[in-house]
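Naming: A, B, ... by sequence-line order, numbering from 1 per chain. Note that these values count all heavy atoms, side chains included, but never hydrogens, waters or copies made by symmetry. Keep in mind it's a predicted model, so treat the numbers as computed, not measured.
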Amino acid sequence: MTDSAKPTLLVVDGHSLAYRAFFALPVDNFSTKDGQHTNGIYGFLAMLINLIKAEQPTHLAVAFDTSRQSFRTREYSEYKANRSESPSEFKGQIPLLQDCLAAMSITVLQKEDIEADDILATLATQGAEAGFSVLVCSGDRDTIQLVDDDITLLYPNVQGVSQLKRYDTAAVIERYGVRPEQYPDIAALVGETSDNLPGVPKVGEKTAVKWLGQFGSLDALLENADKVTGVVGANLREHIEDVRRNRTLNRLLRDVELPVGPLDLAVQPMDAQAVRDIFARLEFKTLIPRVAELAGIEQQMAAVTSAAAVPMPVAVEPSPTDLRAWLDAAAGEVGVTITLEGGLPNRIGFATADAAAEASWTPEVSEAISGWLASASPKVFSDAKPQVKALRRAGIRLGGLAFDTSVAGWLLRPSFPDKTLADLVDRYLDEKLPEADPSQLVPETEGATPGQLSWFALRVTAALRAELSPSVATVLSDIELPTLLALADMELAGVSVSHEKLAAFSSDLGERADAFALEAYAAIGREVNLGSPKQLQEVLFDELHLPKTRKTKTGYSTDAAVLADLQETNPHPFLDLLLQHREATKLRQIIESLDSAIQNPASGGDGRVHTTYVQTGSQTGRLSSTDPNLQNIPVRTSESRRIRAAFQVGDGYDTLLTADYSQIEMRIMAHLSEDPGLVEAFISGEDLHRFVGARVFGVQPEEVTSAMRTKVKAMSYGLVYGLSAFGLSKQLRIEQAEAKQLMMEYFARFGAVRDYLRSSVERAKIDGYTETIFGRRRPFPDLASPNRVLRENAERAALNAPIQGSAADIMKIALFRIHDDFASHELRSRVLLQIHDELVVEIAPGEWDAAERIVRDRMGGAAELTVPLDVQIGRGDDWNDAGH
DNA sequence: ATTTAGACGTA
DNA sequence: CGTACGTCTAAATC
């Protein structure tokens, strides 16, 4: 509990935290082009910025040690004598860090013969006396003794500098079992290896706490040392002088003479130019906006309030020719909103910063403004794709798409995308979008008109741009917006699916499912709803008395993996029949939903299935597909591939082409980790799992058995998801020890992979987000969660996000370039489907060679990685034929 | 009528 | 105790 009326003094141990940051971050990723290492500086500053943002101190200082010598080394020459020389890469970072702090107008303190923690102790003591709420941030446990009602310690976690644990008096008692002022007594008894201060042998925290509880104080304990029984008692008596020495040395000085006091440490405005200069020199690109944000909060607030003063314009409704003139006269970007009726434009509205115009969609309006809509004149939309499609249906190809608020909102917060313009107005303008009250037949409140919606979209655009980092802005303009236009065309094109093929298969499956069901009932002597997990639990565990399986929220699991396990340990005919029934009904289900999605030619449809790609549907940058989902059409069993066979080349086209990236995620892993072995695997062109298997098992590639290959394959793929030994053992049905051994062997040969994965998560903890190769970001607040489950889930997701996300970026780039190339080469061939690492293309007569070349070149050349991007192409009359 | 949980399809 | 999705059914809830 902090007293908000009190000023807050934050004092930081610069040396110890920078040193921790140095070990937490990979030195390779943080070097300037002239070879200066900067990982310690970066990590420290990132942490400090976060800290200032979170704690909002009014007063601030950072203390440093001057050298390894201090009054303590003079008192006890062995003090810290075990510390190895700090690595050469670290040297030189401290003076540069101090330069950074100076540019940020943050006071730096150091004093000959005195350690940084003594400076912290002095300032904290003076600050508490002067009425400050004091925060001490240090990586040295001795500072625990400073904690009291006014002084709180922020101590870095073992995981790194990114997470600071808050120690107030209660937290110290909870963690160490003693009051803060008693902690040095514990430390004196236990000793401090890192300071080369041996304590009493066999005495750890538990014993020390017990003793202090018994005797009341360290002095009392030492006086009554003869009363302590056993080996530890003897040890205590033998090392009593060590304990006294330790206690002297770990007492922090609270009365160091300093040139400044707490009141002199008020936070000062930064020297913006100096900050820019030194950060540029250190090549800290991402830190600059974060520091600026810290420094410029007041300005930003002012900007927001003044912007709210502009009144919402009333839209004019000019004649078609006047509307065209209005658009031509508009300077800069124009907000555009098209409302739809039956897939076609209904009303269309436009806005500039202070005016709006709108019209109903008529042939005259269309005629008058189609040229402007197709032109490069910049336009801003909110959720452009359906509107782009409506225009396409009306024969107009939109040009000049400059911004989409929905996509931008998603890029900024992919985990909680603001779904509508109203959400964005709420969040980024802190205003309410006027909405018609849907509960009343005659709404009391007017909704915004298309022109006014456009005006809001334009204003939201300005607010979103202010928050987009340069890299994310580039992802929006260079990847997402071109992709949006390609997706619109893909959705319009749809894919031809044969009702006849589906229908035949479906009735097949129906009969089989019924037969399995009857047999299953016979096996247990009653009917049961096989689709009800609840009823199945009764059958399996109450009636058949099979052993309880994995727990779920509501009972015990009956999923396929569990049933397969049960079949092995407690074979029963019902289990297998249930699995077969499930498989058949699942397939039939998929077929039914697919069939009903075919636009029936009998009622004016085109006999094709038109999915909707949700561009803002994932947290990683992937697309998702709905109504129907065409990204989860079965492929694994030969049986299920009959469904793919129903996806066929459409009338007027020649053949289907499928193109997929082979092992794109592992290639990205090779690129990001620069693991020499993995890179060699891909450059050699040998089968990846065979190559890896040979290394891991120490045999020749041709000696890799299929069992070995299966294992390393599972391991390789698992890596991308943050797999544990436990998970690997379950997946491969091997002992955990063997899984552990496999991981050890794997990392022994491909160590840079592990280094990369570790450091990438560590970096995410410091930055608060992950980044793909192309700069797409995903925030991970839960990386700092004290809840272990939440945190570890976030760690696995953060490990996966840059890899899955980079693959998504690459595919999007390939996709829109192929789409655009087809158009510019005036091919009729068209991309129909995207299934994450695969494209399905419909090839027009005579265009195979040209189209195949474009697909191959664009997919292979979508990114320059240190390993090649391998593309597999297939050809056939249906998707199954064309696949491989 | 809508929501939740379990199951399962894909990359 | 492996990431990212969407959709189906049954059952629970409104």
Side-chain angles (χ1 to χ4, degrees), chain A residues 414-415 528-537 549-563 578-579 581-594 596-597 611-637 639-641 643-644 660-666 669 714-732 736 739-740 743 757 770 778 780 788-789 792-805 807-808 811 833-839 879 883:
Chain A
S415 304
V528 61
N529 185 342
L530 297 175
S532 163
K534 193 170 168 243
Q535 294 182 34
L536 287 175
Q537 285 176 48
T549 58
R550 177 171 57 84
K551 270 196 183 153
T552 66
K553 266 185 193 168
T554 54
Y556 296 93
S557 172
T558 66
D559 71 19
V562 157
L563 295 182
L578 173 57
L579 282 169
H581 176 264
R582 278 219 183 122
E583 196 181 331
T585 50
K586 179 80 184 176
L587 285 184
R588 199 171 53 148
Q589 209 181 67
I590 292 171
I591 291 167
E592 284 307 315
S593 62
L594 197 56
S596 64
T611 185
T612 301
Y613 288 105
V614 186
Q615 199 172 359
T616 59
S618 79
Q619 303 188 49
T620 52
R622 277 188 176 184
L623 303 174
S624 75
S625 159
T626 63
D627 302 315
N629 180 357
L630 296 185
Q631 290 181 322
N632 70 342
I633 301 301
V635 69
R636 298 214 167 143
T637 65
E639 187 70 332
S640 69
R641 282 196 288 273
I643 300 179
R644 293 205 166 205
D660 65 60
Y661 282 119
S662 64
Q663 291 134 353
I664 187 168
E665 293 191 339
M666 282 305 284
M669 176 89 94
M715 173 80 202
S716 289
Y717 278 103
L719 278 180
V720 178
Y721 305 138
L723 186 69
S724 63
F726 177 86
L728 186 64
S729 74
K730 264 193 90 168
Q731 149 108 18
L732 291 171
Q736 258 198 73
K740 214 167 186 170
M743 292 181 84
L757 292 171
T770 59
R778 174 170 170 191
F780 278 99
R788 201 179 74 166
V789 176
E792 290 181 348
N793 285 342
E795 284 172 358
R796 286 191 298 276
L799 191 118
N800 172 264
I803 300 169
Q804 191 184 120
M811 182 48 113
L833 303 176
Q834 188 259 40
I835 308 97
H836 307 307
D837 63 2
E838 174 184 8
L839 295 178
W879 191 6

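For A/D627, there are no salt bridge (charged side-chain N to carboxylate O under 4.0 Å, His left out) partners two or more places apart in sequence or in a different chain. Residues passing the ring-ring contact (aromatic ring centres under 6.0 Å, His included) test with A/Y556 are A/F541, sequence neighbours excluded. For A/Y717, the ring-ring contact (aromatic ring centres under 6.0 Å, His included) test picks out A/H689, with sequence neighbours left out. Qualifying salt bridge (charged side-chain N to carboxylate O under 4.0 Å, His left out) partners for A/E592, counting only residues two or more places apart in sequence or in other chains: none. In this view, A/R778 satisfies the salt bridge (charged side-chain N to carboxylate O under 4.0 Å, His left out) rule with no residue, not counting sequence neighbours. A/R644 pairs by the side-chain hydrogen bond (donor to acceptor under 3.5 Å, both in side chains) definition with nothing, not counting sequence neighbours. Qualifying salt bridge (charged side-chain N to carboxylate O under 4.0 Å, His left out) partners for A/E583, counting only residues two or more places apart in sequence or in other chains: none.
Atom pair A/L630:CG and C/dT7:C1' shows a separation of 12 Å (rounding to whole Å applied). In this structure, A/Y721 atom OH and C/dC5 atom C1' are separated by 12 Å, rounded to whole Å. Atom CG of A/D837 and atom P of C/dA4 are 17 Å apart (whole Å). A/Y613 has its OH atom 13 Å from the C1' atom of C/dG6, to the nearest Å. Spacing between atom CG of A/L578 and atom C1' of C/dT9 amounts to 14 Å, rounded to whole angstrom units. Put simply, CG on A/L757 is 15 Å from P on C/dG2, counting in whole angstrom units. If you take CD of A/E592 and C1' of C/dT9, they are 14 Å apart, rounded to a whole angstrom. Rounded to an integer number of Å, the gap from CD of A/Q736 to P of C/dG2 is 10 Å.
You'll find the side chain of A/V635 stays beyond 4.5 Å of the side chain of A/E838, heavy atoms only. Between A/M811 and A/I664 there is no side-chain heavy-atom pair separated by less than 4.5 Å. Inter-residue side-chain proximity for A/D559 and A/R550 is flagged as met; some heavy-atom pair is nearer than 4.5 Å. At a threshold of 4.5 Å between non-hydrogen side-chain atoms, the residues A/L723 and A/Q731 do not count as touching.
One N or O on the side chain of A/T549 and one on the backbone of A/S557 form a donor-acceptor pair closer than 3.5 Å. Remark: side-chain polar atoms of A/S729 are not paired, donor with acceptor, to backbone N or O of A/A739 under 3.5 angstrom. Proximity of a side-chain donor or acceptor of A/Y613 to a complementary backbone N or O of A/Q834 within less than 3.5 Å is detected. Listed for the A/Q535 side chain is a donor-acceptor partner under 3.5 Å among the backbone atoms of A/N529.
In the 5' to 3' direction, nucleotides of DNA chain B lying under 4.0 Å from heavy atoms of chain A begin and end at B/dA5 to B/dA11.
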Output a table of nitrogen or oxygen pairs between the protein and nucleotides 10-14 of chain C separated by less than 3.5 Å.
{"from": "C/dA10", "atom 1": "OP1", "to": "A/N529", "atom 2": "ND2", "distance (Å)": "3.2"}
{"from": "C/dA10", "atom 1": "O3'", "to": "A/S532", "atom 2": "OG", "distance (Å)": "3.2"}
{"from": "C/dA11", "atom 1": "OP1", "to": "A/S532", "atom 2": "OG", "distance (Å)": "2.7"}
{"from": "C/dA11", "atom 1": "OP1", "to": "A/Q535", "atom 2": "NE2", "distance (Å)": "3.1"}

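Near-neighbour residues of DNA chain C inside residues 549-559 of chain A, defined by a heavy atom below 4.0 Å, are absent. Listed by residue number, A/R582, A/K586 are the residues of residues 581-590 of chain A with a heavy-atom contact under 4.0 Å to DNA chain B. Using a 4.0 Å cutoff on non-hydrogen atoms, the parts of residues 619-628 of chain A near DNA chain B are A/R622, ordered by number.
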| task | Verify side chain to side chain contact (heavy atoms under 4.5 Å, CB included) between A/L536 and A/L530, making sure each step is shown before the conclusion. | result | CA-CA 7 Å; A/L536 287 175; A/L530 297 175; 4.2 Å; yes

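Within the 4.0 angstrom heavy-atom criterion, no nucleotide atom of any strand lies near A/V614. At a threshold of 4.0 angstrom between heavy atoms, the contacts of A/A808 with the nucleic acid are absent.
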